[in-house]
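One structure is given below, encoded as structure tokens.
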Amino acid sequence: MAQTIYNTLTRQKEPLETLYPDIVLMYVCGPTVYDKAHVGHAMSTLVYDILRRYLEYRGYEVKHVMNYTDVDDKVIIRANELGVDPLDLAEEHIKEYASHIKALNVLPATVYPRATQEIPKIISMVEGLIDRDYAYPVDGDVFYRVASKDDYGKLSGRKLDDMQAGARIDVNELKENPMDFVLWKSSKPGEPSWDSPWGLGRPGWHIECSAMNLHHLGEQIDIHGGGTDLIFPHHENEIAQTESLTRKPFARYWVHNGMLQFSGDKMSKSVGNIVTIEEFLDQHDADTLRMMVLNASYRSPLTFNDEVVAQAESNLDRLRSALRPASPDESPATDESLESLKAQMVKTRQGFVEAMEDDFNTAGALGHLFDLVRGINQARDANIDQSSLSQAQVLLRELAEDVLGLRLEREETESAKAAPFIDLLVELRRQLREQKEWELSDQLRDQLVELGVLLEDSKDGTTWRWK
RNA sequence: GGCGACGUGGCCAAGUGGAAAGGCAAGGGUCUGCAAAACCCUGAUCACGGGUUCAAAUCCCGUCGUCGCCUCCA
């Protein structure tokens, strides 16, 4: 079996065949940094992190570029409202997003380019497009001439005629065609601007991504990612610009993640139904969000509500349950249970890989991990020894942590200091129980739960863990 | 109005032609002083209506519903 990947361009799953052996060139559209990012942005970032981790697991070197759009109408408008410099505003949100990426355990991209750092490249691209009649300058603006590219619309499956018929776009007298889009935009006084052959101005939204691709990855790339909301016009226009200039197919695979749905609608700033990443991380383990993404198809809309969040948290607990140590007693495990665990390990790895090879079917892959969890827990109940159990636990951690990016062992930095005190209380409770002081010992247990500590009594004594 | 996606048990969902994965929740059981955790057991014919096929959740047509895009958007 070989890796398959769904390509929006062809609307089907295709075998992944990269431009260069064992290397994947992947570009993902990042956020426009004018406000706090929400969990929908996080979903997108997580999706491509998971793709990347799996490809690396399979031996590819992934060159991963994610951009920040740091100059744009929205940035300028918001900065004016706040009375701050637009570039400072962007900088602030880039820093914040970078910290979220880290908190979400997303592997750092190879490069994080910004629109404002690509101005010379953008200008030379626009000049090239004008030279070849794909673009035209008017009064300090430069527009791309959509009629000049006969396959314009191939990604989104639209025809120019249809688009114009139902177009809800402003009529701009300067444009030859209402669908023409801006490559370079003249700036008003006080706005961020750069000198150009067409006067002071700034780049249009679409051209920056084309420029960053060209600069950091080259004329052709393997995977271009982003949300489904970017298919049109953003990615359509990127294709038009880039291919007009290079005369080569741009991205081999166009990959789009579904939108996070919140109370029936796409979560977006314009709808106003936002949960920011910051708010989410305040209340939940970062892995909760990753678990939500993993439990669904990356291409479909993802439901986001309190119940689903709680389910994801339970899912994490379940995975973690398999990492508890063995508790062998006098009756040793049978050969049968040892064999059964070994068989489960083989089945798990195989099933996991098969699912992931099928267009990154993470929900299917996760199903196989849960089967392994059950196998491990069964083996523990069957008194298997720790070294046999560990082999299966290592496999679970390899797949869940290294490949899917979950963190099953929690970092207990601050709370580690509390451990000796909790141990003390557990010992105190043990003595109470020995004297059958059930009421007091139960009270102690209940109060520890309120502090976030779960006690579990077993025949070998009491263990505790953070909730 | 145009383009596209989707509709699987209470919830989240995998599966896209040959006996309905997995998780959460629920009920029953084992264990336990009681809990918790773990383990075992229990439940769906796949929106609806036609059609193709030996065989359909899976293909085709229609209906209803939901969502995305067509303007900024991950």
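Letters A, B, ... mirror the listed sequences (proteins, then strands); counts begin at 1.
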(message) Please classify the nucleic acid contact of A/Asp73 as base, sugar-phosphate, or nothing, using heavy-atom distances under 4.0 Å.
(response) nothing
(request) Provide the Watson-Crick or G-U wobble partner of B/U16, both distances under 3.5 Å; none if there is no partner. (result) none
(request) Could you let me know what B/A38 is paired to, Watson-Crick or G-U wobble, both distances under 3.5 Å, or none if it's on its own? (result) B/U30
(message) I need the A/Arg429 CZ to A/Leu448 CG distance, nearest 0.5 Å.
(response) 8.5 Å
(message) So, OP1 or OP2 of B/C40: does either fall under 4.0 Å of a side-chain N or O from A/Arg374?
(response) yes
(request) Could you work out the separation of B/U58 and B/C46 based on their P atoms and round it to a whole Å? (result) 9 Å
(request) Give the nucleotide from the list B/G68, B/G22, B/C72 with an atom nearest to the side chain of A/Pro233. (result) B/C72
(request) Just call it for A/Ser297: base, sugar-phosphate, or nothing, with non-hydrogen atoms closer than 4.0 Å on any strand. (result) sugar-phosphate
(message) Pick the closest RNA chain B nucleotide for A/Asp381 and for A/His368 by heavy atoms, then say which residue is nearer the 5' end.
(response) A/His368
(request) Return the value, rounded to whole Å, for the distance between atom CG of A/Leu104 and atom P of B/A74. (result) 16 Å
(request) Determine: side-chain N/O of A/Arg318 to OP1/OP2 of B/A38, distance under 4.0 Å, yes or no. (result) yes
(request) Assess whether one donor atom and one acceptor atom, taken from the side chain of A/Arg445 and the base of B/A35, lie less than 3.5 Å apart. (result) yes
(message) Check the orientation of A/Tyr298 and A/Phe360. Use parallel for under 30°, tilted for 30 to 60°, and perpendicular for over 60°.
(response) perpendicular
(message) Between B/C69 and A/Asp229, counting only base atoms on the nucleotide and side-chain atoms on the residue, is there a donor-acceptor pair under 3.5 Å?
(response) no
(message) Assuming nearest nucleotide by heavy-atom distance, tell me which of A/Asn305 and A/Pro31 is located more 5' along RNA chain B.
(response) A/Asn305
(message) Using the side-chain heavy atoms of A/Gln311, tell me which of these nucleotides is nearest: B/C39, B/A74, B/C24.
(response) B/C24
(request) Identify which nucleotide among B/A74, B/C70, B/G33 has an atom closest to any side-chain atom of A/Arg429, counting heavy atoms from C-beta outward. (result) B/G33
(message) Just to be sure I understand the rule, does A/Gly40 reach a base, reach only the sugar-phosphate, or reach nothing, if contact means heavy atoms closer than 4.0 Å?
(response) base
(request) State whether A/Arg11 places a side-chain N or O below 4.0 Å from either non-bridging phosphate oxygen (OP1 or OP2) of B/C3. (result) no
(request) Using a 4.0 Å heavy-atom cut-off across all strands, classify A/His38 as base, sugar-phosphate, or nothing. (result) base
(request) Starting at atom OH of A/Tyr298, determine the distance to atom C1' of B/A13, rounded to an integer number of angstrom. (result) 17 Å
(request) Scan A/Leu230 against the nucleic acid and name what it touches under 4.0 Å (heavy atoms): base, sugar-phosphate only, or nothing. (result) sugar-phosphate
(request) Using a heavy-atom cut-off of under 4.0 Å over every strand shown, decide if A/Glu313 touches base, sugar-phosphate, or nothing. (result) nothing
(request) Using a 4.0 Å heavy-atom cut-off across all strands, classify A/Met292 as base, sugar-phosphate, or nothing. (result) nothing
(request) Go through the N and O atoms of the side chain of A/Asp442 and the base of B/G33, and report whether any donor-acceptor pair is under 3.5 Å. (result) yes
(request) Measure the spacing between CZ of A/Arg407 and CG of A/Leu104 and express it to the nearest 0.5 Å. (result) 7.5 Å
(message) Which label fits A/His224 and A/His235: parallel for a plane angle under 30°, tilted from 30 to 60°, or perpendicular past 60°?
(response) perpendicular
(request) Let me know the distance between CZ of A/Arg299 and C1' of B/C67, rounded to the nearest Å. (result) 16 Å
(message) What's the separation between atom CD in A/Gln261 and atom CZ in A/Phe304, rounded to the nearest 0.5 Å?
(response) 12.5 Å
(message) Looking at B/A21, which nucleotide sits across from it as a Watson-Crick or G-U wobble partner, both distances under 3.5 angstrom, or is there none?
(response) none
(request) Could you check how far CD of A/Glu439 sits from P of B/C34, rounded to whole Å? (result) 16 Å
(request) Determine which nucleotide pairs with B/C72, using a 3.5 Å limit on both distances of a Watson-Crick or G-U wobble pair. (result) none
(message) Need one value for A/Gly258: base, sugar-phosphate or nothing, where a base atom within 4.0 Å counts as base even if backbone is also close, heavy atoms only.
(response) base
(request) Please state whether the phosphate of B/A74, meaning OP1 or OP2, lies under 4.0 angstrom from any side-chain nitrogen or oxygen of A/Lys266. (result) no
(message) Pairing check on B/G65: which nucleotide meets the Watson-Crick or G-U wobble criteria with it, both distances under 3.5 Å?
(response) B/C6
(message) I'd like to know if A/Gln378 reaches the base of B/C39 with its side chain, counting only an N/O donor and acceptor under 3.5 Å.
(response) no
(request) Report the base-pairing partner of B/U53 (Watson-Crick or G-U wobble, both distances below 3.5 angstrom), or none. (result) none
(message) Is it the case that B/C69 (base atoms only) and A/Arg158 (side chain only) share a donor and an acceptor within less than 3.5 Å, ignoring hydrogens and angles?
(response) yes
(request) Check whether any side-chain N or O of A/Thr303 sits under 4.0 Å from OP1 or OP2 of B/A13, and answer yes or no. (result) yes
(message) Counting the atoms with a prime plus P, OP1 and OP2 as sugar-phosphate, which does A/Leu369 contact under 4.0 Å by heavy atoms, base, sugar-phosphate, or nothing?
(response) nothing
(message) Taking only the C1' atom of each, what is the distance from B/G9 to B/C70 in whole angstrom?
(response) 37 Å
(request) Could you label the plane-to-plane angle of the A/Tyr57 and A/Tyr54 rings as parallel, tilted or perpendicular, counting under 30° as parallel and over 60° as perpendicular? (result) tilted
(request) Ignoring hydrogens and angles, tell me if any N or O in the side chain of A/Ser340 forms a donor-acceptor pair with the backbone of A/Glu336 under 3.5 Å. (result) no
(request) Classify the nucleic acid contact of A/Thr32 as base, sugar-phosphate or nothing, counting any heavy atom under 4.0 Å across all strands shown. (result) sugar-phosphate
(request) In whole angstrom, give the distance that lies between atom CD1 of A/Ile94 and atom P of B/A74. (result) 13 Å
(message) Taking any heavy-atom pair under 4.0 Å as a contact, classify A/Ser156: base, sugar-phosphate, or nothing.
(response) sugar-phosphate
(message) Using the P atom as the point on both nucleotides, what is the distance between B/C67 and B/A13, in whole Å?
(response) 15 Å
(message) Distance check, C1' atoms only: B/G18 and B/A25, in whole angstrom units.
(response) 33 Å
(request) Could you tell me the separation between the CG atom of A/Leu260 and the P atom of B/C67, rounded to a whole number of Å? (result) 15 Å
(message) Just the rounded figure in Å: distance from P of B/A36 to CG of A/Leu451.
(response) 20 Å
(request) Over all heavy atoms of both residues, which pair between A/Leu338 and A/Ile384 is shortest? Give the atoms and the distance, please. (result) CD2-CD1, 3.6 Å
(message) Taking the minimum atom-to-atom distance to the side chain of A/Ser321, which one of B/C24, B/A38, B/G33 wins?
(response) B/A38
(message) As a test of reading the structure: which of B/G22, B/G33, B/G68 is closest to the side chain of A/Trp438, going by heavy atoms?
(response) B/G33
(message) Say we look at B/U16 and B/A57: how far apart would their P atoms be, to the nearest angstrom?
(response) 14 Å
(request) Enter the distance from A/Tyr27:OH to A/Glu238:CD here, rounded to the nearest 0.5 Å. (result) 6.0 Å
(message) Under a 3.5 Å cut-off for both contacts, is B/U45 paired Watson-Crick or G-U wobble with anything, and if yes, with which nucleotide?
(response) none
(message) Taking B/C54 as the reference, what is the distance to B/C12 when you measure between their C1' atoms (whole Å, please)?
(response) 36 Å
(request) Indicate whether OP1 or OP2 belonging to B/A74 is found under 4.0 Å from a side-chain N or O atom of A/Asn257. (result) no
(message) Please verify the inter-ring angle class for A/Phe250 with A/Trp254; under 30° counts as parallel, over 60° as perpendicular, anything in between as tilted.
(response) perpendicular
(request) With heavy atoms under 4.0 Å as the rule, sort A/Asn295 into base, sugar-phosphate or nothing. (result) base
(message) Can you tell me the base-pairing partner of B/U58? Count Watson-Crick or G-U wobble geometry only, both distances below 3.5 Å, and say none if there is no partner.
(response) none
(message) Rounding to an integer number of angstrom, what distance separates B/A5 and B/A47 when you compare their C1' atoms?
(response) 16 Å
(message) Taking B/U52 as the reference, what is the distance to B/G10 when you measure between their C1' atoms (whole Å, please)?
(response) 35 Å
